[in-house]
Amino acid sequence: MALRLDAEGVALPQALRRRPRVVAWADVEAVVSWRVRGGSHWVGVVATPEYRRRTGLDTRRGGRWMDDAIGLPIAWTTTTWDGPPHELKAMIAALWRIAPETPWIDAAHHNPTPPR
């Protein structure tokens, strides 16, 4: 699976030979997935603003365009994933079992504009 979900939080794979980035449940606002048109799936987390500030993710170069394109603060806390559909269903089931209060968002259908 692309994400490891356990009692500690969500572990996201990093570049080769680096340890996964672990985001504790207290710092996770939602778990997200979406499919790029004609391409890969992406999976990851929407981290709290405090986590993004504390870890410097808000200031990392190149992330804002992704946040703006999706409408959620997901840059640097997501990864590509090209597994079979049953793995995505297994990730969702694990989330609901481990952290039932944490939502799963299909970011492709997320409306970044708040309702009026």
Side-chain angles (χ1 to χ4, degrees):
M1 275 195 250
L3 304 178
R4 189 186 79 232
L5 302 118
D6 60 24
E8 302 298 315
V10 180
L12 297 136
Q14 298 278 326
L16 292 176
R17 303 173 73 193
R18 291 186 64 198
R19 292 181 16 195
R21 175 187 306 277
V22 177
V23 183
W25 288 115
D27 294 319
V28 174
E29 290 185 350
V31 179
V32 296
S33 68
W34 73 96
R35 181 182 288 278
V36 176
R37 203 173 328 167
S40 301
H41 258 103
W42 284 74
V43 294
V45 301
V46 175
T48 62
E50 166 56 27
Y51 176 85
R52 297 183 72 74
R53 275 191 300 277
R54 188 173 68 243
T55 59
L57 294 178
D58 278 346
T59 60
R60 287 188 63 185
R61 186 181 176 108
R64 290 197 180 112
W65 71 268
M66 189 174 193
D67 293 349
D68 292 343
I70 298 297
L72 294 166
I74 47 80
W76 313 114
T77 57
T78 56
T79 187
T80 58
W81 168 78
D82 289 312
H86 74 271
E87 279 189 13
L88 184 62
K89 290 178 183 176
M91 281 187 271
I92 295 169
L95 172 68
W96 290 343
R97 187 176 59 255
I98 296 166
E101 69 286 349
T102 303
W104 184 285
I105 298 173
D106 181 342
H109 301 291
H110 175 72
N111 181 2
T113 307
R116 294 185 179 174

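What you see is a predicted model, and the numbers here were worked out from it, not measured in a lab. We count residues from 1, following the sequence as given.
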Can a donor-acceptor pair be found, under 3.5 Å and without considering hydrogens, that links the side chain of [X] to the backbone of [Y]?
| X | Y | value |
| --- | --- | --- |
| Arg21 | Trp76 | yes |
| Arg4 | Val22 | no |
| Thr77 | Val45 | yes |

Do you know which two heavy atoms are closest between [X] and [Y], and how far apart they sit?
| X | Y | value |
| --- | --- | --- |
| Glu29 | Pro103 | O-CD, 3.3 Å |
| Ala94 | Leu5 | CB-CD1, 4.2 Å |
| Ala30 | Ile105 | CB-CD1, 3.6 Å |
| Pro20 | Ala11 | CB-CB, 4.1 Å |

If you round to the nearest 0.5 Å, how far is [atom2] of [Y] from [atom1] of [X]?
| X | Y | atom1 | atom2 | answer |
| --- | --- | --- | --- | --- |
| Thr55 | Glu50 | OG1 | CD | 9.0 Å |
| Arg97 | Ile92 | CZ | CD1 | 12.5 Å |
| His41 | Asp82 | NE2 | CG | 9.0 Å |

Side-chain heavy atoms of [X] within contact of [Y], under 4.5 Å:
| X | Y | value |
| --- | --- | --- |
| Glu8 | Trp25 | no |
| Ser33 | Val43 | yes |
| Thr102 | Trp96 | no |

Problem set entry | Name of the residue among Val28, Val23, Val46 meeting side chain to side chain contact (heavy atoms under 4.5 Å, CB included) with Tyr51 |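 Testing each of Val28, Val23, Val46 against Tyr51, the sole residue satisfying side chain to side chain contact (heavy atoms under 4.5 Å, CB included) is Val23.
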
Problem set entry | Distance-only side-chain donor-acceptor flag, Trp81 / Glu87, under 3.5 Å | yes

For this session: Could you check Trp34 against Asp106 for side-chain contact (heavy atoms from CB on, under 4.5 Å), going step by step and ending with a plain yes or no?
Result: CA-CA 5 Å; Trp34 73 96; Asp106 181 342; 4.1 Å; yes

Exercise. Got a salt bridge between Asp27 and Arg54, using NZ or NE/NH1/NH2 to carboxylate O under 4.0 Å?
Worked result: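 A salt bridge is present here (some side-chain N lies under 4.0 Å from a carboxylate O).
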
